[in-house]
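One structure is given here, and the rest of the page talks about it.
Because the structure is a prediction, the values reported are computed rather than measured.
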Amino acid sequence: MSEIFEPKNIIVTGGCGFIGSNFVHYVVNNHPGVHVTVLDKLTYAGNPENIAGLPSDRVELVVGDICDAELLDRIVPGHDAIVHYAAESHNDNSIADPEPFLRTNVEGTFRLLEAVRKYGVRYHHVSTDEVYGDLALDDPAKFTEETPYHPSSPYSSTKASSDMLVRAWTRTYGLRTTISNCSNNYGPYQHVEKFIPRQITNIIDGVRPKLYGRGENVRDWIHTEDHSSAVWDILTKGRMGETYLIGADGEKNNITVLRMILEAMGRDPEDFDWVADRPGHDRRYAIDSTKLQRELGWRPAHTDFAGGLKATIDWYVANESWWRPAKEATEARYRAQAIFHVLGSHAPYGTYNCTGSGVVKSWADIARAVFEAANGNGDRVVPVSIADYYAGAAGPVVPRSTFPSSSRSGSTCPTGRRSLRSTCPCFGIQLYYQNEPMVHEGLADGRALHALYCMVNCAVKLISVIKLDGIEY
Ligand code: NAD
Ligand code: TDX
């Protein structure tokens, strides 16, 4: 074991998120001589409530972006170490819109490494087991530090990229760094977009939980407090330039976890909805944490998953005021993503506009824009029946095939008014909206918003059609 590092002033990036805030509590509770500066942008996933009540002489919150090099120049000097948790962390969001993941996870890590290089501070990089891709369900193997990188999702590929930057900067510039790759965390303060809190809060709301695919995918669950103690051990005792895998032998498939939640909440264990699978869904993660245990003597304290899950359920029941503000927006995002899965992933970027320029670039953008707007003003986007869709009784959006041939080539719809046109990539039909206002006038214009609304309404109808083929959204 190498010399013990005893930091006095540390920066914790993402310290208002789920796992970062748990680490801040862990440090305050267990290491009285350490001051923590939390650097957090407070995205939708960051909540200052997560660290509220901690002593102000021990914890300071700086609201800012890890991509802001000038800010890093101001705050990094005077600190001994950076523990880097900040990230865009949700796979489903990364599939719908990868760009913020590139920026925060890749560019953000680059900026931090440059600051580490400049000011000579110790750096610990918090990563995920997802960088290794997935294992087969029937494969007895687990990930080790030697497993080749093989990320599957936009999220995990950006985390893998950030790990590569850390390794390259360490070797080239001789930085004092460590990396940890941890498995799926659970516990209090996890955002309601994630599997366990989403299902608990759905059940509280009387909504049936949503299980992706066949529910056979395996995750290796670890309580977030065990993740925190492991990161502290690696920060203070880890060998420079090394990677440590963190896991607590908690493999369970999703359907088992969901049935445990339902039973613990007094519901029928079969009372859930099967929904369409996540595209590219990783099958199984499993961590071999032998190196961490052998070299640094770390052991998980929470080995009773059923007990930890029950305590987590109790926390969400008792802390509705914490999660309630994020719940509706999260479910609205899931509805938008459902449309994206059907249409957006097939739509060539930029096909959709009316006059050559526009704010709307793809089906995903349309879906997102309308759901966000509808969510903001209290409207609901309601699917119409398939019968109405085929009868053409569903408003101004109609399939091109029903148009007289004279209108097919131009930008004129059957009523003689100018039309907005797009091709549905799944069905190969043209969709028209009889509009005077053009989409490129932007969302600030209510008429343009109406145009968008109609286009998405049509997308919702198409989803209804697709439901006939057995896919549920
Ligand atoms: P989270 O989404 O709950 O929190 C992320 C935090 O980072 C938020 O407070 C957010 O405001 C902040 N943030 C985002 N972009 C930022 C930016 N540009 N500048 C500053 N702050 C920014 O995430 P989490 O689940 O707590 O995950 C934390 C870390 O742990 C991530 O790096 C993630 O990849 C890793 N990890 C998570 C898990 C898991 O199961 N959740 C498992 C292994 C590793
Ligand atoms: O509604 C759902 N239904 C469902 O079946 C949701 C939200 C998820 N799932 C499935 C997908 C996964 O197999 O549950 C499993 C867990 O899903 P998430 O909570 O989204 O986590 P996962 O994709 O496994 O990634 C998590 O662990 C690794 C974190 O979000 C990452 O940040 C971390 O790197």
Side-chain angles (χ1 to χ4, degrees), residues 17-18 44-45 47 49-50 89-96 184-219 221 223-224 252-279 281 305-306 308-342 367-368 371-372 374-375 378-383 460 463-464 467 470-473:
F18 164 47
Y44 78 94
N47 187 343
E49 283 294 307
N50 299 8
S89 69
H90 191 35
N91 271 300
D92 291 322
N93 293 345
S94 83
I95 294 166
N184 281 61
N185 285 220
Y186 74 98
Y189 294 102
Q190 186 167 31
H191 195 278
V192 288
E193 69 193 355
K194 303 287 177 11
F195 179 55
I196 289 177
R198 184 180 184 205
Q199 314 315 338
I200 295 170
T201 53
N202 276 349
I203 294 168
I204 293 171
D205 279 352
V207 173
R208 283 158 69 94
K210 312 290 173 207
L211 187 67
Y212 293 170
R214 296 160 61 92
E216 288 171 348
N217 307 62
V218 172
R219 296 296 182 261
W221 294 100
H223 196 282
T224 188
K252 294 243 172 327
N253 67 22
N254 293 338
I255 196 167
T256 302
V257 174
L258 183 52
R259 286 180 175 144
M260 288 172 81
I261 295 171
L262 281 158
E263 281 186 324
M265 296 182 76
R267 304 297 149 104
D268 179 343
E270 303 308 315
D271 193 12
F272 61 84
D273 288 336
W274 303 91
V275 300
D277 209 353
R278 172 185 284 173
H281 198 171
F305 179 72
L309 188 62
K310 178 72 177 65
T312 304
I313 293 169
D314 292 346
W315 187 88
Y316 281 91
V317 170
N319 290 279
E320 184 169 338
S321 61
W322 180 86
W323 57 263
R324 175 60 67 198
K327 181 66 180 169
E328 180 45 37
T330 301
E331 291 304 320
R333 205 157 49 232
Y334 273 116
R335 288 194 291 276
Q337 287 172 6
I339 290 181
F340 167 79
H341 287 175
V342 176
R368 231 186 334 270
F371 272 94
E372 278 168 13
N375 191 42
D379 286 351
R380 287 172 59 84
V381 178
V382 183
V460 173
I463 284 173
S464 304
K467 266 188 178 174
I471 302 173
E472 286 272 337
Y473 279 94

Counting C-beta onward and ignoring hydrogens, is there a side-chain heavy-atom pair between [X] and [Y] closer than 4.5 Å?
X      : Y      : result
Ile203 : Leu262 : yes
Leu258 : Phe195 : yes
Asn202 : Arg208 : no
Thr224 : Tyr186 : no
Phe18  : Asn50  : no
Leu211 : Arg214 : no

Nearest 0.5 Å, what's the [atom1]-[atom2] distance between [X] and [Y]?
X      : Y      : atom1 : atom2 : result
Lys310 : Glu263 : NZ    : CD    : 13.0 Å
Thr256 : Arg219 : OG1   : CZ    : 13.0 Å
Gln199 : Met265 : CD    : CE    : 10.5 Å
Arg259 : Asn254 : CZ    : CG    : 11.5 Å
Asp273 : Lys210 : CG    : NZ    : 3.5 Å

Residues forming a salt bridge (Lys or Arg N to Asp or Glu O under 4.0 Å) with Glu320, sequence neighbours excluded: Arg324
Results of salt bridge (Lys or Arg N to Asp or Glu O under 4.0 Å) for Lys194 - residues two or more places apart only: none
Close aromatic pair by centroid cut-off 6.0 Å: Phe305 and His223: no
Val257/Trp221 under side chain to side chain contact (heavy atoms under 4.5 Å, CB included): CA gap, chis, key distance, verdict: CA-CA 10 Å; Val257 174; Trp221 294 100; 3.7 Å; yes
Backbone of Trp322 reached by a side-chain donor or acceptor of Asn319 within 3.5 Å: no
Side chain to side chain contact (heavy atoms under 4.5 Å, CB included) between Tyr316 and Gln190, worked out: CA-CA 10 Å; Tyr316 281 91; Gln190 186 167 31; 3.4 Å; yes
Residues Asn93 and Glu193: side-chain donor-acceptor under 3.5 angstrom: yes
Partner of Tyr212 under side chain to side chain donor-acceptor pair (under 3.5 Å), chosen from Asn217, Asp277, Asp92: Asp92
Sidechain N-carboxylate O distance under 4.0 Å for Asp205, Lys327: no
Smallest separation among heavy atoms of Pro209 and Asp271, with atom names: CD-O, 3.4 Å
Step-by-step side chain to side chain contact (heavy atoms under 4.5 Å, CB included) determination, Arg198 to Val192: CA-CA 5 Å; Arg198 184 180 184 205; Val192 288; 5.6 Å; no
CA sep, side-chain torsions, deciding dist, call: His191, His90, side chain to side chain contact (heavy atoms under 4.5 Å, CB included): CA-CA 10 Å; His191 195 278; His90 191 35; over 6 Å; no
Aromatic ring pairing Trp315/Tyr189, orientation class (parallel under 30°, perpendicular over 60°, tilted between): tilted
